[in-house]
Amino acid sequence: QVQLVESGGGLVQAGGSLRLSCAASGSIDSFATTHWFRQAPGKQRELVATITSGGRTNYAGSLKGRFTISRDHNANTVYLQMNSLKPEDTAVYYCNVPTTGKDYWGQGTQVTVSS
């Protein structure tokens, strides 16, 4: 059974940092393309960052320079380092692995950034 589990969310003040983890178990390629999404109340889910199977990274334009996505193949974990957090970053953050035939999602982890 494939499972994605996010962790690392919490409550931080503006300007603070968090590192989110997306740990995968089951039959998932450790090099699989992985996305981080987020969804704030009243808003649509939006793509935050991507790390491709080849290791390339992409970010939402507004997040460049603040967020970093990375992968630890041995741990089968993808991370999202979030620095200089802003209240606008408040959302539930989800990792997503869009493999062929299945679209895997974690349960989400809440990030709240206070003013």
Side-chain angles (χ1 to χ4, degrees):
Q1 186 175 6
V2 174
Q3 186 171 234
L4 303 177
V5 179
E6 301 98 333
S7 62
L11 174 63
V12 298
Q13 292 184 321
S17 298
L18 287 172
R19 188 174 77 157
L20 307 183
S21 299
C22 175
S25 62
S27 300
I28 294 182
D29 189 342
S30 63
F31 289 89
T33 294
T34 302
H35 307 287
W36 281 99
F37 285 82
R38 68 185 183 186
Q39 188 166 25
K43 290 193 171 185
Q44 295 184 350
R45 189 168 297 186
E46 64 176 337
L47 179 63
V48 173
T50 299
I51 185 163
T52 72
S53 60
R56 294 188 177 186
T57 58
N58 297 97
Y59 303 91
S62 63
L63 305 178
K64 289 182 178 178
R66 297 195 299 118
F67 286 19
T68 303
I69 188 170
S70 62
R71 170 185 280 130
D72 183 334
H73 292 287
N74 292 331
N76 211 15
T77 300
V78 172
Y79 302 97
L80 184 68
Q81 178 67 45
M82 306 186 297
N83 299 322
S84 301
L85 284 163
K86 303 175 181 180
E88 308 94 271
D89 297 319
T90 295
V92 177
Y93 285 71
Y94 301 89
C95 62
N96 164 244
V97 179
T99 65
T100 300
K102 290 285 185 179
D103 196 29
Y104 296 106
W105 294 86
Q107 83 290 347
T109 185
Q110 176 71 49
V111 172
T112 302
V113 184
S114 62
S115 301

Can you tell me if [X] uses its side chain to pair, donor with acceptor, with the backbone of [Y] under 3.5 Å?
{"X": "Thr34", "Y": "Ala32", "value": "yes"}
{"X": "Asn76", "Y": "Ala24", "value": "yes"}
{"X": "Thr33", "Y": "Ser53", "value": "yes"}
{"X": "Thr90", "Y": "Val113", "value": "yes"}
{"X": "Asn96", "Y": "Trp36", "value": "no"}

Please find the pair of heavy atoms, one from [X] and one from [Y], that lie closest to each other, and give the distance.
{"X": "Ser27", "Y": "Val2", "result": "N-CG2, 3.8 Å"}
{"X": "Ala14", "Y": "Pro87", "result": "CB-CD, 4.1 Å"}
{"X": "Phe37", "Y": "Val48", "result": "C-CG2, 3.9 Å"}
{"X": "Met82", "Y": "Leu85", "result": "CB-CD2, 3.7 Å"}
{"X": "Tyr94", "Y": "Glu6", "result": "CA-OE2, 3.1 Å"}
{"X": "Leu4", "Y": "Gln107", "result": "O-OE1, 3.6 Å"}

Nearest 0.5 Å please: distance from the [atom1] atom of [X] over to the [atom2] atom of [Y].
{"X": "Tyr79", "Y": "Leu18", "atom1": "OH", "atom2": "CG", "value": "15.0 Å"}
{"X": "Tyr104", "Y": "His35", "atom1": "OH", "atom2": "NE2", "value": "14.5 Å"}
{"X": "Arg19", "Y": "Thr68", "atom1": "CZ", "atom2": "OG1", "value": "11.5 Å"}
{"X": "Arg38", "Y": "Leu63", "atom1": "CZ", "atom2": "CG", "value": "5.0 Å"}
{"X": "Tyr93", "Y": "Ser21", "atom1": "OH", "atom2": "OG", "value": "14.5 Å"}
{"X": "Leu20", "Y": "Ile69", "atom1": "CG", "atom2": "CD1", "value": "10.0 Å"}

Quick check: are there more than 12 heavy atoms from other residues, nucleotides or ligands sitting under 6.0 Å from CD of Gln44?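 Counting other residues, nucleotides and ligands, CD of Gln44 stays at 12 neighbours or fewer.
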Decide whether Phe67 and Val12 are clustered together by the hydrophobic rule: side chain heavy atoms of Ile, Leu, Val, Met, Phe, Trp, Tyr closer than 4.5 Å, transitively.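 In one cluster with Phe67: Val12, yes.
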Cluster check Val97, Leu47: I/L/V/M/F/W/Y, side chain < 4.5 angstrom: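 Result: no, two separate clusters.
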Could you walk me through whether Arg66 and Asp89 satisfy the side-chain contact (heavy atoms from CB on, under 4.5 Å) test, starting with their C-alpha distance in whole Å, then the side-chain angles of each, then the deciding distance to 0.1 Å, before giving a yes or no? CA-CA 11 Å; Arg66 297 195 299 118; Asp89 297 319; 2.8 Å; yes
